[in-house]
Amino acid sequence: MTLRFFIRQLVTDAARKAAAALNVQLPEGFIPRIDYTPDLKFGHYASPAAMELAKVFKLPPRAIAEKIIAALDNAAFEKVELAGAGFINFTLNQNGIAKALAFHSLDAWLKASESETQKDKIIFEYVSANPTGPMNIVSARAASVGDSITRVLKTAGHDVHREYYVNDYGNQVEMLGLSFAYRYLQKFKSVTLPETCYQGEYISDYLESLLASVEIPAAVKLSADKVTKLNQNDWLAEAARFFSPLGVKAILGEQQKDLAAFRTEFDNFFSEASLHEKGAVLAIGAELKKRGKIKVEEGAEVFLSTEYGDDKDRVVVRSDGRPTYLLADIAYHNTKVARGFKTIVDIWGPDHHGYIARLSGALKALGFGEQAGESFKVIIAQQVNLMENGEPVVMSKRLGKFQTMRDLIEKIPVDVCRYFFVTRALSTHLDFDLTLALDQSKKNPVYYVQYAHARIHSIFREAGYDAAKPLSLTEALPSLITAENPERMALFFNLMRFPELVHDIARNYEIQRLPEYLYQTATLFTSFYHGKNNRIKDLLVSQPAEAEALLQLCSLTAQVLETGLKLLGITAPQEMHREEEV
RNA sequence: GCCCUCGUAGCUCAGUGGAUAGAGCGUUGGUCUCCGAAGCCAUGUGCGCAGGUUCGAUUCCUGCCGAGGGCGCCA
């Protein structure tokens with residue numbers, strides 16, 4: 001159980017008693033807010049509950065706060081004070097603090113705190129890059145954020161499914177096949193690649209590996225002799241059909257390699273083509289029609305998305321009878337509903353924001369969201385600007401060393417990439433500073449956090465402890481936390497917040513708060529480490545019991561840093577080695 | 001034209017409607033006989049403008065100004 005949850009229960013009880021005594025009704029489902037005090041000198045936690053209740057109770061906040069304090073079970077508190085306009089400040093005593101430490105390790109504590117989560121079945125879709133070329137930097141950002149958020153959701157106790165939607169159907173896939181065909185033809189004959197084809201050199205590279213590893217059927221196989229008497233258009237059509245699925249497979253394989261190198265995992269890669277093959281796409285169109293949400297205009301079937309706040313109605317079946325991408329996406333999201341997910345979250349690229357209204361409208365039209373707890377949320381991953389020496393890096397072909405996710409991974413360590421990508425809210429533009437990313441000094445925050453972790457392991461090595469095994473936390477630890485040792489107290493209460501932060505992020509998806517927290521933890525630890533009274537090496541001789549307790553504090557810090565970094569897909573090294581400057 | 005994101009310290013940015021708005025970088029000055037100096041300590045006249053909602057607004061709403069991005073019977 002987290003301390004915040006514990007206090008919230010006590011305040012809820014007290015507010016209920018206060019309401020009964022005053023003969024007023026608490027608002028339906030009232031849950032008092034429990035915040036952190038702006039400074040530990042005010043106490044450890046604070047609640048503005050009395051201010052929130054002022055209107056309902058028709059009393060001044062301070063008067064309500066007094067009633068709540070009077071009704072509060074205060075066994076866990078050293079003091080409970082009324083402050084400011086009506087804040088209730090809580091200072092825990094050692095019994096209270098020990099509540100959180102009853103689990104002896106961070107893992108056990110997190111596990112026990114899962115019960116505070118309203119467990120949900122969540123599907124998270126992210127990256128979903130088109131299988132027509134290498135992934136770009138925004139995909140890397142989405143991968144990093146999606147992966148980290150889902151790790152947090154799991155830790156908080158949710159049932160999470162991570163999915164990648166593969167657009168392996170339609171025009172662009174045919175165009176991909178045609179691009180391969182042209183590149184193949186170019187090996188024997190000078191032809192110009194049409195503008196509609198994929199221009200990237202990577203097509204030729206993939207073609208070569210395909211030619212080396214796959215049996216090419218006679219109808220497609222070319223030779224110098226055959227090219228002279230070729231019916232070019234017929235051959236191109238045939239060859240495009242042949243290369244199309246192979247090209248998708250090859251490119252998807254490369255994408256998966258990059259994702260693995262980036263330590264991002266998916267539970268499933270969902271094929272769009274599989275929906276078309278099953279007839280699920282046209283079937284969902286029929287379902288919308290049955291529900292009266294389709295009109296026919298110039299021979300095309302049009303979804304009435306304006307009924308759901310869209311700018312205009314959207315074509316879902318073209319006048320020639322072929323479904324649009326939107327209809328396939330509706331069918332895809334319908335499978336998410338059918339698979340029993342209550343919370344559906346998508347991370348999309350910046351070019352898709354206009355798409356939210358029509359898809360969420362379609363889900364509403366199909367009845368999703370009518371039941372309690374059902375929600376559909378889209379997070380837009382905004383663009384990434386690469387910066388070098390304070391100047392934007394132009395991503396032109398000529399200058400662009402950093403056009404793709406792979407370029408990025410090859411140049412910048414994954415630990416650094418992943419840290420940088422999660423330091424800003426996904427929905428805001430991100431300047432990615434390559435100069436700072438390559439900097440191994442203190443300027444680079446990820447190394448600062450890792451350094452603090454490594455330093456703790458160094459302390460354990462020096463003290464003759466096995467650093468690989470976390471120390472079991474005992475009641476000796478809270479006894480350290482006294483006002484005479486502000487560094488210990490600041491560090492300790494920061495550590496107490498970690499499980500609370502996990503729950504917050506699981507609720508609001510604001511992953512950027514985690515790297516910020518870890519940096520803060522590293523700073524507080526380093527201050528503690530330099531504190532005159534905290535020299536474990538000396539205390540081991542003079543005050544072995546206190547040294548043991550301090551080692552527990554260090555161990556808990558290391559567990560928090562390691563677990564936090566792991567949630568971000570970043571390693572927690574036990575020793576740091578700086579690469580020599582060349 | 002419509003939509004999205006952003007405007008906080010010299011710079012890059014934090015800040016689930018609450019108490020004295022915080023970090024890093026940069027600047028300047030201290031600091032290693034001592035568990036790792038990738039460190040620590042000190043150093044600041046800042047919420048774009050105008051309304052509104054609220055007991056309370058940097059936070060929510062509206063308008064304006066400024067910056068970036070996006071708006072297909074492509075996927």
Side-chain angles (χ1 to χ4, degrees), chain A residues 33 35 37-39 42 46 48 51-52 54-55 60-61 83-87 89 128 130-132 167-173 175 196 272 297-302 310-312 314-320 322-326 328-329 349-357 380 382-383 385 387 390 423-425 427-431 433 436 439-445 447-452 454-463 504-505 507-508 510 512-513 515-517 519-520 522-523 526-527 529-532 534-540 547 550-551 554 575-578:
Chain A
R33 270 183 41 204
D35 296 333
T37 54
D39 193 300
F42 295 128
M51 281 121 99
E52 296 173 312
K55 208 166 200 174
F87 291 100
N89 290 343
S128 296
N130 287 333
T132 53
N167 301 125
D168 52 354
Y169 182 88
N171 271 352
Q172 60 171 7
V173 172
M175 224 29 96
T196 50
E272 179 189 355
E297 206 171 74
E298 295 171 24
E301 295 193 11
V302 184
D310 200 2
D311 300 343
K312 57 182 218 174
R314 306 290 171 174
V315 172
V316 289
V317 182
R318 299 177 181 90
S319 40
D320 63 7
R322 288 153 52 232
T324 63
Y325 173 77
L326 174 60
D329 215 10
D351 51 336
H352 281 62
H353 84 258
Y355 199 82
I356 299 172
I380 295 296
Q382 286 290 352
Q383 66 181 112
N385 302 312
M387 306 292 283
T423 48
R424 300 274 171 275
S427 58
T428 71
H429 299 216
L430 170 70
D431 286 339
D433 186 338
L436 180 58
D439 193 327
Q440 292 184 57
S441 80
K442 61 177 180 174
K443 290 183 196 169
N444 198 331
Y447 295 131
Y448 181 80
V449 176
Q450 290 181 322
Y451 182 74
R455 178 180 260 163
I456 295 169
H457 281 271
S458 171
I459 293 171
F460 278 102
R461 281 192 297 272
E462 288 286 322
D504 285 344
I505 296 172
R507 216 181 51 245
N508 59 27
E510 288 177 3
Q512 71 275 12
R513 294 180 60 192
E516 196 190 329
Y517 169 84
Y519 192 89
Q520 171 77 357
T523 302
T526 315
S527 291
Y529 169 83
H530 286 279
K532 290 237 180 329
N534 301 328
R535 300 189 58 75
I536 291 167
K537 204 176 183 181
D538 300 342
L539 291 168
L540 275 169
L550 287 176
L551 282 166
C554 291
E575 288 175 55
M576 298 290 282
H577 301 287
R578 194 203 296 250

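From a predicted model like this one, the values you see are computed outputs, not experimental measurements. Here is the naming used below: chain letters follow the sequence lines, and residue numbers restart at 1 for every chain.
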Touch class at under 4.0 angstrom, heavy-atom based, for A:Thr428 against every strand present: sugar-phosphate

First encountered from the 5' end of RNA chain B, between A:Tyr451 and A:Asn171: A:Tyr451

Proximal nucleotide (of B:C73, B:G15, B:A37) relative to the A:Thr324 side chain: B:C73

Sugar-phosphate, base or nothing in reach of A:Asn508, heavy atoms under 4.0 Å: nothing

Centroid distance under 5.5 Å and plane angle under 30°, A:Tyr325 vs B:C74: no

Interatomic distance at C1', B:C61 relative to B:U54, whole Å: 12 Å

B:U54 pairs with, by Watson-Crick or G-U criteria that keep both distances under 3.5 Å: none

Atom-to-atom span, CG of A:Asp39 to P of B:G15 - whole angstrom: 21 Å

Hey, what are the protein-to-nucleotides 59-63 of chain B N/O distances that come in under 3.5 Å?
none

Conformer about C1'-N of B:C4 - syn within 90° of 0, anti elsewhere: anti

Integer angstrom distance from the C1' of B:C25 to that of B:C60: 33 Å

Phosphate contact (B:G15 OP1 or OP2) by A:Gln512 side-chain N/O below 4.0 Å: yes

Sugar-phosphate only, base, or nothing, as touched by A:Asp504 at under 4.0 Å among non-hydrogen atoms: nothing

B:C11 and B:G51, which share atom name P, separated by this distance in whole Å: 27 Å

Protein-nucleotide distance (A:Tyr519, atom OH; B:G39, atom P), rounded to Å: 8 Å

Sugar-phosphate only, base, or nothing, as touched by A:Thr526 at under 4.0 Å among non-hydrogen atoms: sugar-phosphate

P spacing across the pair B:A21 / B:U16, given as an integer number of angstrom: 16 Å

Shortest side-chain distance from A:Asn167, nucleotide among B:C41, B:A75, B:G39: B:A75

Heavy-atom donor-acceptor pair, A:His530 side-chain to B:A37 base, under 3.5 Å: no

Residue pair A:Arg314, A:Thr324: steps toward the side-chain contact (heavy atoms from CB on, under 4.5 Å) verdict: CA-CA 10 Å; A:Arg314 306 290 171 174; A:Thr324 63; over 6 Å; no

Main-chain N/O of A:Thr132 paired to A:Asn130 side chain as donor or acceptor, under 3.5 Å: no

Check against side-chain contact (heavy atoms from CB on, under 4.5 Å), A:Leu326 and A:Val315: CA-CA 8 Å; A:Leu326 174 60; A:Val315 172; over 6 Å; no

Sugar-phosphate, base or nothing in reach of A:Glu575, heavy atoms under 4.0 Å: base

Under 3.5 Å: donor-acceptor pair, side chain of A:Asn385, backbone of A:Asp431: no

Short side-chain N/O contact from A:Arg314 to OP1 or OP2 of B:C71, under 4.0 Å: no

Paired nucleotide for B:G72 [Watson-Crick or G-U wobble; both distances under 3.5 Å]: none

Donor-acceptor contact present, side-chain A:Thr526 to main-chain A:Ala522, <3.5 Å: yes

Identified pairing partner of B:C64, criterion: Watson-Crick or G-U wobble below 3.5 Å: B:G48

Short heteroatom pairs, N/O only, protein and nucleotides 10-13 of chain B, under 3.5 Å:
residue : atom : partner  : partner atom : Å
B:C13   : OP1  : A:Asp431 : OD2          : 3.3
B:C13   : O3'  : A:Arg424 : NE           : 3.4
B:C13   : O2'  : A:Arg424 : NH1          : 3.1
B:C13   : O2'  : A:Arg424 : NH2          : 3.4

Touch class at under 4.0 angstrom, heavy-atom based, for A:Tyr529 against every strand present: base

Residue whose closest nucleotide on RNA chain B lies nearer the 5' end, A:Asp351 versus A:Glu462: A:Glu462

Working for side-chain contact (heavy atoms from CB on, under 4.5 Å), residues A:Arg424 and A:Gln512: CA-CA 5 Å; A:Arg424 300 274 171 275; A:Gln512 71 275 12; 5.7 Å; no

Pairing partner (Watson-Crick or G-U wobble, both distances under 3.5 angstrom) of B:G17: none

A:Lys537 side-chain proximity, nearest of B:A75, B:G36, B:C35: B:C35

Any A:Arg455 side-chain N or O less than 4.0 Å from OP1/OP2 of B:A37: yes

Whole-Å distance separating the CD1 atom of A:Ile456 from the C1' atom of B:G39: 14 Å

B:C73 to B:G69 separation - P atoms, rounded to the nearest Å: 24 Å

Polar side-chain atom of A:Asp439 near backbone of A:Asn444 as donor-acceptor pair, under 3.5 Å: no

Side chain of A:Ser527 - closest among B:C40, B:A38, B:A75: B:C40

Check against side-chain contact (heavy atoms from CB on, under 4.5 Å), A:Gln382 and A:Thr428: CA-CA 6 Å; A:Gln382 286 290 352; A:Thr428 71; 5.6 Å; no

Smallest separation among heavy atoms of A:Asn89 and A:Ala83, with atom names: ND2-CB, 3.4 Å

Short side-chain N/O contact to B:C40 OP1/OP2 from A:Tyr448, under 4.0 Å: yes

What pairs of nitrogen or oxygen atoms, one from the protein and one from nucleotides 17-19 of chain B, lie under 3.5 Å apart?
residue : atom : partner : partner atom : Å
B:G18   : OP2  : A:Arg33 : NH2          : 3.3
B:A19   : N6   : A:Asn89 : OD1          : 3.1
B:A19   : N1   : A:Asn89 : OD1          : 3.2
B:A19   : N1   : A:Asn89 : ND2          : 3.1

Partner nucleotide of B:U27 by Watson-Crick or wobble geometry (both distances under 3.5 Å): none

Side-chain donor or acceptor of A:Gln172 paired with backbone N/O of A:Asn167 under 3.5 Å: yes

Pairwise C1' distance, B:C47 and B:A57 [rounded to whole Å]: 11 Å

Pairwise C1' distance for B:U59 and B:A37, with rounding to whole Å: 40 Å

Touch class at under 4.0 angstrom, heavy-atom based, for A:Ala300 against every strand present: base

Any donor-acceptor pair under 3.5 Å from A:Arg318 side chain to A:Val316 backbone: no

Atom of A:Leu540, atom of A:Leu551 and distance for their closest heavy-atom approach: CD2-CD1, 4.5 Å

Sugar-phosphate, base or nothing in reach of A:Asp538, heavy atoms under 4.0 Å: nothing

Gap between atoms CE and P, on A:Met387 and B:G68 respectively (whole Å): 13 Å

Side-chain (A:Asn534) to main-chain (A:Tyr529) donor-acceptor, under 3.5 angstrom: no

Rounded C1' spacing from B:C13 to B:G18 in Å: 23 Å

Proximal nucleotide (of B:G69, B:U54, B:C73) relative to the A:Gln383 side chain: B:G69

Sugar-phosphate only, base, or nothing, as touched by A:Ile536 at under 4.0 Å among non-hydrogen atoms: base

